[in-house]
K.L.:
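The structure's right below; bear with me while I get my questions together.
What you see below is based on every heavy atom in this structure, not just the backbone, and it leaves out hydrogens, waters and symmetry mates. As the structure lists them, so they are numbered: ligands from 1, and atoms in each ligand from 1.
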Amino acid sequence: MSVAKNEVKVVTTHQLQAMKERGEKISMLTAYDFSMATLLDGAGVDVLLVGDSASNVMAGHETTLPITLDQMIYHASSVVRGTNRAFVVVDLPFGSYQGNSSEALRSAIRIMKESGAHGVKLEGGEEIKDSVVRILSAGVPVMGHLGLTPQSIYKFGTYSVRAKEEAEAEKLLSDARLLQELGCFSIVLEKIPAALAKRVADELQIPIIGIGAGPHVDGQVLVVHDLLGITKEFKPRFLRRYAELHQTITDAVSSYVRDVKSKDFPSEKEAY
Ligand code: KIV
């Protein structure tokens, strides 16, 4: 028997805050479609991130920059339909919030109205302050994202570890403090030294979720295609692969092709 949405205790920002306070780690994974969201939600993931990494893993682009607001809303509404319990956060895509707080608010409202998601995520600190304030003023929960921010890849030049130098680490700390002060409910820290991530998680009251930020934060996020080994070549140090689905899928599909070619499939029993 399937469980109706309203019979399940859904995850809220308050519950995420309570998890930090009682020392329970928060699990977060990306999801981009209905079927995967159903599986991840059923397995107990606390937060589903409709990441703009959809641009890479779903659309095959080299960066996250090309994905559009309409495409993010399509992915987000599919994920929301597959979710009973998890808190669903959606990335505001590149170009939909930087430098114009009215446009940022419009983008966030479109995501909330058209997808039914529960919050949005924005990359950056001081430089996007006005957009964060404006979105929060509409009652939309905002998650920050500091450290390696892939939408700025052409500024950084590489996807290597950020904030190793004192000046960048201090800027990250002050941006994290600012995001908390503005009212963000959580912050993602991507690819920074574990000691710096610990400093942020220890100092701030809101949950800090890491990806490549070590174990001393309040939760972890990974791109689900990486965790499941669907992506074959991507093997950064921070990734733990829990399956090798590229092999499983390749084997299954090769068997199917072989069976079709050899006329083994479909059999009499598989026909009407
Ligand atoms: O888009 C994404 O998948 C992300 C995670 C890497 C945090 O922002």
Side-chain angles (χ1 to χ4, degrees), residues 16 25-33 36-37 40 45-69 71-76 78-79 86-98 107-108 111 115 117 119-125 128 132 141-153 156 158-163 172 175-176 179 184-192 197 200-201 206-214 217-228 230-231 234-241:
L16 296 171
K25 299 284 186 184
I26 295 163
S27 59
M28 172 162 150
L29 280 177
T30 63
Y32 316 104
D33 66 77
M36 188 64 85
L40 304 184
V45 177
D46 299 313
V47 182
L48 292 182
L49 170 66
V50 185
D52 57 0
S53 50
S55 180
N56 309 106
V57 291
M58 301 302 287
H61 293 296
E62 248 180 57
T63 72
T64 58
L65 275 64
I67 200 159
T68 65
L69 186 58
Q71 288 165 341
M72 288 303 294
I73 291 169
Y74 167 77
H75 286 297
S78 309
V79 167
F87 189 85
V88 179
V89 184
V90 184
D91 268 333
L92 281 189
F94 179 67
S96 71
Y97 64 96
Q98 297 97 335
S107 304
I111 285 181
S115 76
V120 296
K121 177 163 81 59
L122 282 69
E123 295 184 6
I128 55 149
V132 171
V142 174
M143 177 179 261
H145 184 155
L146 299 171
L148 176 62
T149 46
Q151 291 179 10
S152 308
I153 184 58
F156 297 145
T158 75
Y159 286 101
S160 53
V161 179
R162 304 302 315 171
L172 187 144
D175 279 343
L179 291 174
C184 289
F185 72 93
S186 175
I187 300 172
V188 165
L189 294 182
E190 181 165 354
K191 231 172 167 189
I192 63 167
V200 177
I206 58 173
I208 304 300
I209 314 288
I211 172 165
V217 286
D218 307 304
Q220 299 292 329
V221 57
L222 286 174
V223 170
V224 70
H225 288 61
D226 301 335
L227 169 146
L228 293 175
I230 296 173
T231 41
F234 186 65
K235 287 183 178 169
R237 175 188 170 128
F238 68 77
L239 175 65
R240 186 179 296 181
R241 271 155 81 141

K.L.:
Give the contacting part of T30 toward ligand 1: side chain, backbone, both or neither, where contact means a heavy-atom distance below 4.0 Å.
P.N.:
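Side chain only.
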
K.L.:
Measure from the ring center of F234 to the ring center of H225 and say whether it is less than 6.0 Å.
P.N.:
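Ring-ring flag for F234/H225: false, centres at least 6.0 Å apart.
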
K.L.:
Regarding ligand 1, does S53 bring an N or O atom to under 3.5 Å of one of the ligand's N or O atoms?
P.N.:
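Checking ligand 1 against S53, an N or O pair does fall under 3.5 Å apart.
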
K.L.:
If you have a sec, work out which protein heavy atom is nearest atom 8 (O) of ligand 1 and how many Å separate them, to one decimal?
P.N.:
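Protein heavy atom at minimum distance: K121 NZ, 2.9 Å.
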
K.L.:
Quick one: do the D226 and T231 side chains pair a donor with an acceptor below 3.5 Å?
P.N.:
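Yes, side-chain donor-acceptor contact under 3.5 Å.
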
K.L.:
Looking just at side-chain N and O atoms, do Y159 and E190 make a donor-acceptor pair shorter than 3.5 Å?
P.N.:
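Result is no, nothing qualifies.
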
K.L.:
Atoms of ligand 1 less than 4.0 Å from L49 heavy atoms?
P.N.:
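Answer for ligand 1: 2 (C), 4 (C), 5 (C), 7 (C), 8 (O).
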
K.L.:
Does a side chain donor of either S115 or Y74 reach within less than 3.5 Å of an acceptor in the other side chain?
P.N.:
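Per modelled atom types, S115 and Y74 side chains form no pair under 3.5 Å.
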
K.L.:
Taking only heavy atoms of H145 into account, list the atoms of ligand 1 that are under 4.0 Å away from them.
P.N.:
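Here the atoms of ligand 1 in question are 8 (O).
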
K.L.:
In this structure, are over 12 heavy atoms from other groups packed under 6.0 Å from F238 atom CZ?
P.N.:
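Result for CZ/F238: enclosed.
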
K.L.:
Can you list everything that forms a side chain to side chain contact (heavy atoms under 4.5 Å, CB included) with A176? Sequence neighbours excluded, please.
P.N.:
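Partners of A176 under the side chain to side chain contact (heavy atoms under 4.5 Å, CB included) test: L146, I187, V200, L204.
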
K.L.:
Can you sort out which atoms of ligand 1 are near V223, meaning under 4.0 Å from one of its heavy atoms?
P.N.:
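The atoms of ligand 1 under 4.0 Å from a heavy atom of V223 are 3 (O).
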
K.L.:
Can you list the atoms of ligand 1 that are under 4.0 Å from a heavy atom of D91?
P.N.:
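Near D91, the atoms of ligand 1 are 1 (O), 2 (C), 8 (O).
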
K.L.:
Please work out whether any backbone atom (N, CA, C, O) or any side-chain heavy atom from C-beta onward of I211 is under 4.0 Å from ligand 1, and answer side chain, backbone, both or neither.
P.N.:
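Answer for I211: side chain.
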
